[in-house]
**Q** 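Questions regarding the structure given below will be posed in turn.
Every value quoted in this text rests on a predicted model; they were computed, and no experiment measured them.
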Amino acid sequence: MAVPSFVDRVSLHVSAGRGGHGVASVHREKFKPLGGPDGGNGGPGGSVILRVDSDVTTLIDYHHSPKRSAENGGQGAGGLRSGAHGADLVLPVPEGTVVTDMDGTVLADLTGAGTEMVLAEGGRGGLGNAALASSKRKAPGFALLGEPGEEIQVRLELKIVADIGLVGFPSAGKSSLIAAISRARPKVADYPFTTLVPNLGVVTAGETVFTVADVPGLIEGASEGRGLGHDFLRHVERCAAIVHVIDTATLEPGRNPLDDLDVIENELARYGGLEGRPRLVALNKVDVPDGRGIAEIVLDDLRERGLRVFTVSAASTEGLRELTFAMAEIVLAARAEKPAAAAERIVLRPPSADGAADFTIKQTRDPAGEVAWRVRGTKPERWVRQTDFSNEEAVGFLADRLNRLGIEDRLVQLGAVEGDAVLIGHPDNAVVFDFRPSIEAGAEMLGRRGEDQRFDERRPARDRRRAIDAAMGDRGEGETRADVARRFDDERRGGSQQQGPSAYEIGGDDDPDAVAASSWQDDDE
């Protein structure tokens with residue numbers, strides 16, 4: 001099996017690194033049993049970046065290794081230690097690489113040395129419980145998970161950035177011409193289709209330096225797939241001018257320079273996008289006697305078409321100086337109109353699932369055919385990915401966030417009833433919940449370890465005990481706590497005939513404080 005040395009089309013599958021998980025940790029130190037939360041955050045995952053490198057001329061590396069992955073972020077740790085950042089994966093590509101999705105939509109056209117494209121962004125690291133602590137949630141017993149990195153499959157297509165493109169029939173002398181005017185050394189032989197890949201050469205004309213590329217195997221019918229030219233015509237799309245290299249010494253019957261020119265122009269027109277480029281004509285192989293004679297015959301006809309024509313010989317270098325300076329003149333004019341591309345940074349971001357709103361809700365059906373509600377949105381989908389569903393407190397925190405965003409109220413407005421399935425996320429990996437509106441014990445109380453709503457409720461036993469403590473300072477001589485409690489109860493009853501016990505054992509069955517506390521606990525249950 002032949003090993004390719006030049007590849008200009010590849011399919012590339014990349015995966016960014018996953019963010020590290022946050023950690024739930026409590027600071028521990030001698031004589032400080034309750035040191036507070038100190039769990040660190042997870043590190044972000046590495047991104048996959050395409051970068052234009054002037055030293056790279058082919059996509060062959062991605063032909064052999066079409067799957068690439070960036071490094072994952074490190075996990076958080078106790079002591080407020082954050083996880084390490086995952087290293088970015090930088091993939092060098094040649095200048096002129098066009099990035100498209102699998103449907104053919106152009107995502108980016110990478111030109112200019114140093115230009116970067118963030119193809120897949122690394123996942124965010126999860127927050128540790130120290131970052132989740134607040135005045136109401138003083139000691140969270142959970143942390144957030146790191147998000148998975150983006151994953152995408154794209155096509156890379158190389159369009160060589162050359163100033164001049166050479167086109168012509170096989171064996172017209174394009175490779176010999178590049179070898180004569182530059183230091184490029186392409187393969188040269190006396191049979192058709194010697195050149196199987198585009199050749200690129202750097203030419204110096206006076207103070208102007210420019211590049212020249214040829215298109216191999218362009219013949220009649222190339223637009224229908226004949227030969228190799230149609231596959232490589234993309235490499236002259238960026239050229240400032242096109243040079244027709246015409247063989248004046250061909251031995252094939254029925255061929256002449258005018259017909260060859262018409263055939264090639266017809267194929268260029270079918271390819272499209274090259275109509276406005278300046279044209280030069282190089283009548284090659286005039287070192288052959290018959291070739292010079294044919295060139296002199298067609299010279300006037302070509303000039304009548306408005307073309308600049310040069311009689312050249314790649315073998316003897318005749319006429320090459322004039323040709324290269326004519327190329328340089330066109331290149332300078334094109335560069336003056338269009339300045340060189342500056343390096344830029346392109347970030348590929350997938351379209352938001354919710355558009356301008358925070359979220360969208362649509363009615364759908366679950367696999368069983370029952371009514372379900374699909375919630376899409378950047379925030380709710382990200383929050384679901386960050387939630388550790390094995391931790392009830394983390395689930396409560398998620399419910400808090402979704403409620404504050406207004407998802408529950410919107411579901412009620414749309415007609416959702418208790419028990420309906422609520423799906424959050426893409427249909428391929430959605431998380432399913434049962435709709436339970438206004439369940440405070442699950443979301444609010446579990447979601448905030450430092451806050452219990454029962455603390456805000458009226459507690460008679462606690463109020464009575466505090467009032468007795470306050471009255472102990474005014475007790476008479478010889479009065480016990482039981483006497484103060486009995487006097488307080490009498491005052492509270494307004495002097496009613498029902499009397500409490502005159503004495504009791506503190507903590508016993510007849511202790512009013514214990515009876516009231518037991519009654520409060522029964523009410524809560």
Side-chain angles (χ1 to χ4, degrees), residues 7-23 40-77 80-102 105-128 131 143-158 161 341-353 378-379 381-382 385-386 429:
V7 175
D8 58 356
R9 277 182 178 174
V10 294
S11 178
L12 181 65
H13 184 278
V14 298
S15 302
R18 182 184 184 92
H21 300 325
V23 67
N41 303 331
S47 300
V48 180
I49 302 173
L50 300 180
R51 178 182 296 164
V52 175
D53 189 339
S54 57
D55 294 331
V56 178
T57 59
T58 178
L59 300 172
I60 191 171
D61 288 346
Y62 311 115
H63 172 76
H64 296 300
S65 302
K67 294 185 178 181
R68 303 297 181 97
S69 300
E71 189 178 69
N72 294 329
Q75 312 294 339
L80 301 177
R81 289 173 293 176
S82 297
H85 289 219
D88 292 337
L89 177 63
V90 179
L91 304 177
V93 296
E95 184 174 6
T97 300
V98 178
V99 185
T100 63
D101 60 18
M102 301 309 291
T105 304
V106 176
L107 303 177
D109 189 353
L110 304 180
T111 57
T115 296
E116 293 182 346
M117 177 184 182
V118 181
L119 196 57
E121 203 161 14
R124 301 184 184 184
L127 297 179
L144 299 184
L145 303 179
E147 294 185 61
E150 295 176 355
E151 189 172 348
I152 188 174
Q153 185 169 2
V154 296
R155 286 193 178 95
L156 304 183
E157 182 177 291
L158 174 59
V161 181
E344 58 178 331
R345 183 178 177 87
I346 304 170
V347 180
L348 180 61
R349 300 189 185 279
S352 175
T378 302
K379 288 183 178 179
E381 291 181 29
R382 183 175 72 243
R385 291 194 297 267
Q386 293 174 334
N429 57 355

**Q** Identify the two heavy atoms, one from G128 and one from A143, that lie closest to each other, and give their separation to 0.1 Å.
**A** CA-CB, 4.0 Å

**Q** What are the two closest non-hydrogen atoms of A120 and A16, and how far apart are they?
**A**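 Nearest pair, atom of A120 first, then A16: O-CB, 3.6 Å.
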
**Q** Please name all residues satisfying side-chain hydrogen bond (donor to acceptor under 3.5 Å, both in side chains) with S11, sequence neighbours left out, ordered by chain then number.
**A** Q153

**Q** Residues in side chain to side chain contact (heavy atoms under 4.5 Å, CB included) with V56, at least two apart?
**A**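 Side chain to side chain contact (heavy atoms under 4.5 Å, CB included) list for V56, sorted by chain: D53, P92, P94.
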
**Q** Working to the nearest 0.5 Å, report the span between OG1 of T97 and CD of E157.
**A**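 That separation rounds to 9.5 Å.
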
**Q** Atom CD in E151, atom OG in S69: separation rounded to 0.5 Å?
**A**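 Interatomic distance, E151 CD to S69 OG, rounded to 0.5 Å: 7.5 Å.
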
**Q** List in chain and number order the residues that pass side chain to side chain contact (heavy atoms under 4.5 Å, CB included) with A70, two or more places apart in sequence or in another chain; answer none if no residue qualifies.
**A** V48, L89

**Q** Taking C-beta and beyond as the side chain, do V93 and M117 meet within less than 4.5 Å on heavy atoms?
**A** no

**Q** Filter on salt bridge (charged side-chain N to carboxylate O under 4.0 Å, His left out), then keep only pairs touching residues 59-71, sequence neighbours left out; what's left?
**A** none

**Q** Among residues at least two apart in sequence or on other chains, which ones pass side chain to side chain contact (heavy atoms under 4.5 Å, CB included) with T100?
**A** V98, V106, R155

**Q** Start with the C-alpha distance between I346 and L50, add both sets of side-chain angles, then the distance that settles side-chain contact (heavy atoms from CB on, under 4.5 Å), and finish with yes or no.
**A** CA-CA 9 Å; I346 304 170; L50 300 180; over 6 Å; no

**Q** Nearest 0.5 Å, what's the CG-CZ distance between L156 and R9?
**A** 12.0 Å

**Q** From I60 CD1 over to L158 CG, what is the distance, rounded to the nearest 0.5 angstrom?
**A**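 That separation rounds to 12.5 Å.
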
**Q** Shortest non-hydrogen contact from N41 to L127?
**A** OD1-CA, 3.4 Å

**Q** With sequence neighbours excluded, what pairs up with E116 under the salt bridge (charged side-chain N to carboxylate O under 4.0 Å, His left out) test?
**A**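 E116 satisfies salt bridge (charged side-chain N to carboxylate O under 4.0 Å, His left out) with R51, R345 only.
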
**Q** Run the side-chain hydrogen bond (donor to acceptor under 3.5 Å, both in side chains) test against D88 and tell me which residues pass, sequence neighbours left out.
**A** none

**Q** Taking all heavy atoms of G146 and all of R18, pick out the closest pair and write down the distance.
**A**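 Where G146 meets R18 most closely, the heavy atoms are O-NH2, 2.9 Å.
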
**Q** Does R81 have any salt bridge (charged side-chain N to carboxylate O under 4.0 Å, His left out) partners at least two apart in sequence or in another chain, and if so, which?
**A**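 R81 satisfies salt bridge (charged side-chain N to carboxylate O under 4.0 Å, His left out) with no other residue.
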
**Q** Can you list the residues that meet the side chain to side chain contact (heavy atoms under 4.5 Å, CB included) rule with Q75, with sequence neighbours excluded?
**A**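 Listed in chain order: H21.
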
**Q** What distance separates I152 CD1 from D101 CG, expressed to the nearest 0.5 Å?
**A** 7.5 Å

**Q** Is there any side-chain hydrogen bond (donor to acceptor under 3.5 Å, both in side chains) pair reaching into residues 118-127, and which pairs are they, with sequence neighbours excluded?
**A** E121-R349

